[in-house]
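The structure appears below as structure tokens.
What you see below is based on every heavy atom in this structure, not just the backbone, and it leaves out hydrogens, waters and symmetry mates. It should be emphasised that the depicted structure is a prediction, and the values quoted were computed from it without experimental measurement.
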Amino acid sequence: MTSTELALRHALLDERAHHDRCRAALAAMVDGAQEQVVVGEDVSASGADAEVLGYQLRSQAKELRELPAGPLFFGRLDFGEEGEHGGQSYRVGRLRITEHPAAPPLVVDWRAPVSRAFYQASARDPQGVAVRRRFGWAPGSRGDSADLTGLEDEHLDRGESRVSDIVAREIERPRVGPMRDIAATIQPEQDELVRGDLALSVCVQGAPGTGKTAVGLHRAAYLLYTHPQRIRRGGLLILGPNRTFLSYISEVLPALGETGVRQSTLRDEIARHPITGADDRRAEVVKHDVRMAQVLRRALYARVSTGTGTGAEAGGGAGAGTGAGTGTGSGRGNSLVLAEGSYRWRVSAGELERIVAGVRAEEPPYAVGRERVRTRVVRCIRDQAERRSGVRSNAWVQKVSRSRPVGTYVDAVWPRVRPEEVVAELLIDPGALAATADGLLDAEEQKALLWAKPPRSWKSARWSAADLVLLDEVAGLIEHPQGYGHLVVDEAQDLSPMECRAIARRAAFGSLTVLGDLAQGTTPWAARSWETVLRHLGKPDAVVVPLTTGFRVPGAVLALANRLLERVDVEVPPARSLRGDGELRFREAVAGDLMAAVVGAVRDALGREGSVGVVAADGDAARAREALVAAGIEAGGADELGARVTVVPASVVKGLEYDHVVAVEPAAIVEAEERGLQRLYVVVTRAVAGLEVVHGRPLPF
């Protein structure tokens with residue numbers, strides 16, 4: 001054994017011993033957190049204080065107990081003698097570990113300020129780091145110290161710079177099961193995005209395999225660590241394109257020590273009703289068009305009148321213990337009269353009209369406007385009463401506000417309304433739609449919107465997915481939804497303008513991390529520029545940052561994808577791969593037997609390590625799975641993430657990744673939808689190690 005090998009062996013033994021020490025300290029932290037819960041339950045305090053304390057302690061204990069098993073650190077920083085951390089060494093991991101709160105940490109959290117140097121330091125800018133060490137762990141390790149199999153040092157103080165073999169192996173490790181975190185392999189340009197300021201909204205235009213989804217999730221974890229109170233007060237929401245995708249990413253945040261983060265789809269967030277109806281493509285496109293926002297606003301506020309001709313005059317006791325009784329009208333049909341004992345308070349028609357017009361001009365949410373009208377009418381009555389007989393109590397004001405004349409007037413000029421009533425009226429009544437959409441939608445677009453079989457009322461309506469977007473728009477006009485402190489929006493290139501508006505309402509006072517790739521836009525309304533998307537999201541000043549260097553997709557596969565990119569009507573920079581490995585193969589069906597060729601391709605892929613994704617046009621996916629099962633190959637569906645072989649319809653493969661992809665009949669994938677070339681671009685870029693294209697027809701490349 002050489003002296004170098006001997007030194008490496010001793011270093012490994014020392015690091016394994018340190019890992020054992022960390023494991024014991026973590027176990028003590030878990031036990032200590034649970035003990036704090038027990039002690040905290042006995043703390044004498046007000047009920048509210050005790051409840052808050054108990055919740056915080058239980059949450060902390062729960063997070064520690066639920067940490068997934070795995071290595072406790074993946075890197076180490078040895079600082080030189082100069083600077084803030086002179087002479088110090090820190091292991092970097094997914095969680096801060098210490099033997100005592102006041103003692104130096106055994107492991108620092110990857111999100112801590114000192115850890116930034118692990119990702120950003122270089123030979124050109126060492127940031128005080130003398131040596132950066134990376135640790136190699138056995139694949140699938142659950143954190144046994146014996147699984148620490150290697151280490152790799154960069155002596156930045158000597159100007160040494162190298163491409164990390166450990167990082168390369170981790171990136172290229174076979175993909176089986178849910179998505180993994182990338183805390184050990186974050187690249188400098190990714191780290192800049194992850195650590196961006198909470199107040200800033202950012203848009204990541206990420207080419208395939210550049211880690212944009214991982215960046216978004218790690219940014220969420222970083223913000224939760226850096227701004228725990230602000231984020232938890234406002235909430236943090238992860239929005240994915242579908243539930244299959246959410247299942248795939250579900251373990252990333254827990255692995256980083258963050259549990260309880262809401263991960264959802266936009267459809268689930270706006271689901272006021274189950275989806276029981278369906279639209280044809282024409283109706284769907286019109287409903288997602290941004291012009292519908294103005295149509296709906298007109299339809300809602302058409303219910304508001306200035307008060308003329310409302311017949312709002314009525315008597316009725318205001319109460320307040322003054323002997324108020326019921327009254328009759330004054331004979332002035334447009335004024336409001338309130339009888340209180342021997343007094344009659346009158347608000348003139350002109351004043352009522354000015355109140356309603358003034359509130360309309362302020363453009364508050366509909367429900368807020370309704371209450372402003374009520375408040376200002378009551379103020380007029382109070383002013384009259386106080387001029388006559390002195391200051392009135394709050395109780396008197398409340399009784400006037402709840403009185404029948406005031407309520408009748410407000411209901412007449414600014415009536416209560418449900419979103420369902422507004423939307424259903426437009427989709428049922430051609431006359432109402434024509435009056436509201438005049439100058440916004442042409443006759444054919446209006447015709448497309450109308451329900452073919454109108455229900456009797458909104459209560460029996462069968463709502464489609466696009467209808468839910470319209471309902472959410474009206475609900476947002478009536479009353480602003482509760483917003484979030486930060487939202488991470490993935491696959492944002494596929495959002496329609498109306499869907500963007502739904503997200504914008506939930507981010508009105510928070511910030512956004514927008515993730516996507518314009519080249520992967522596949523919906524009929526998919527964006528061709530981020531400027532348009534960000535404007536609809538209410539964040540026109542968000543910075544757009546391109547990620548073009550791929551770490552996941554092999555170079556040969558990206559070269560094929562870039563040939564497709566030349567034919568796609570978006571302007572995005574082509575991706576490049578840091579990897580020269582990987583395979584690209586083509587297999588033509590013999591005698592037109594496409595499924596036999598698919599079976600052969602899958603058998604070949606099973607001879608290699610890793611997962612196999614069979615991706616076909618939606619109409620061919622079931623056939624492909626049946627052929628594989630008939631050939632004795634166990635094949636799971638799109639939602640079976642643990643299966644070795646998975647058959648996935650092309651429409652839901654976005655965001656997923658497999659070691660080996662078998663792309664079935666590209667021509668059929670392209671023909672299946674309007675933006676079929678973009679869909680095929682998505683399909684071929686799901687491969688991590690190899691891509692085999694199976695076809696019986698000419699290729700569209």
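- Expressed to the nearest 0.5 Å, how far CZ of Arg180 lies from OG1 of Thr185 amounts to 8.5 Å.
- Separation of atoms CG (Asp517) and OG1 (Thr548) is listed at 11.0 Å; rounding is to 0.5 Å.
- The neighbour count for Arg23 CZ, taken as heavy atoms of other residues, nucleotides or ligands under 6.0 Å away, is above 12.
- In terms of the side-chain contact (heavy atoms from CB on, under 4.5 Å) criterion, residue partners of Arg675 (sequence neighbours excluded) are, by chain and number, Ala526, Arg528, Gln678.
- Note on Arg281 versus Glu284: salt bridge recorded, some NZ/NE/NH1/NH2 to OD/OE distance being below 4.0 Å.
- For Glu692 and Arg585, the salt-bridge test passes: some basic side-chain N is under 4.0 Å from an acidic carboxylate O.
- Side chains of Tyr225 and Glu258: no donor on one and acceptor on the other come within 3.5 Å.
- Ring pair His288/Trp525 is parallel by interplanar angle, where below 30° counts as parallel and above 60° as perpendicular.
- Phe701 contributes atom CZ, which lies 9.5 Å from atom CG of Leu677 (distance to the nearest 0.5 angstrom).
- In summary, Asp604 and Arg587 engage in a salt bridge, as defined by a charged side-chain N under 4.0 Å from a carboxylate O.
- Remark: Leu200 CG to Leu512 CG distance equals 12.0 Å, nearest 0.5 Å.
- Salt bridge Arg501/Glu473: present, at least one basic N to carboxylate O contact under 4.0 Å.
- Taking the side chain to side chain donor-acceptor pair (under 3.5 Å) definition, one finds that Arg230 meets it with nothing, sequence neighbours left out.
- Ion pairing between Asp659 and Arg608 fails under the 4.0 Å rule for side-chain N and carboxylate O.
- Side chains of His273 and Glu420: a donor-acceptor N/O pair is present below 3.5 angstrom, by distance only.
- Ionic pairing of Arg243 and Asp268 is present here: one or more N-O contacts between side-chain nitrogen and carboxylate oxygen are shorter than 4.0 angstrom.
- Arg506 has a carboxylate O that lies under 4.0 Å from a charged side-chain N of Asp472, or vice versa, which qualifies the two as a salt bridge.
- Electrostatic pairing of Asp181 and Arg94 counts as a salt bridge here, judged by a charged N lying under 4.0 Å from a carboxylate O.
- Rounding to the nearest 0.5 Å places CG of Leu558 at 10.0 Å from CG of Leu578.
- Residues Glu269 and Arg262 are paired through a salt bridge, judged by an N-O separation under 4.0 Å between the basic side chain and the carboxylate.
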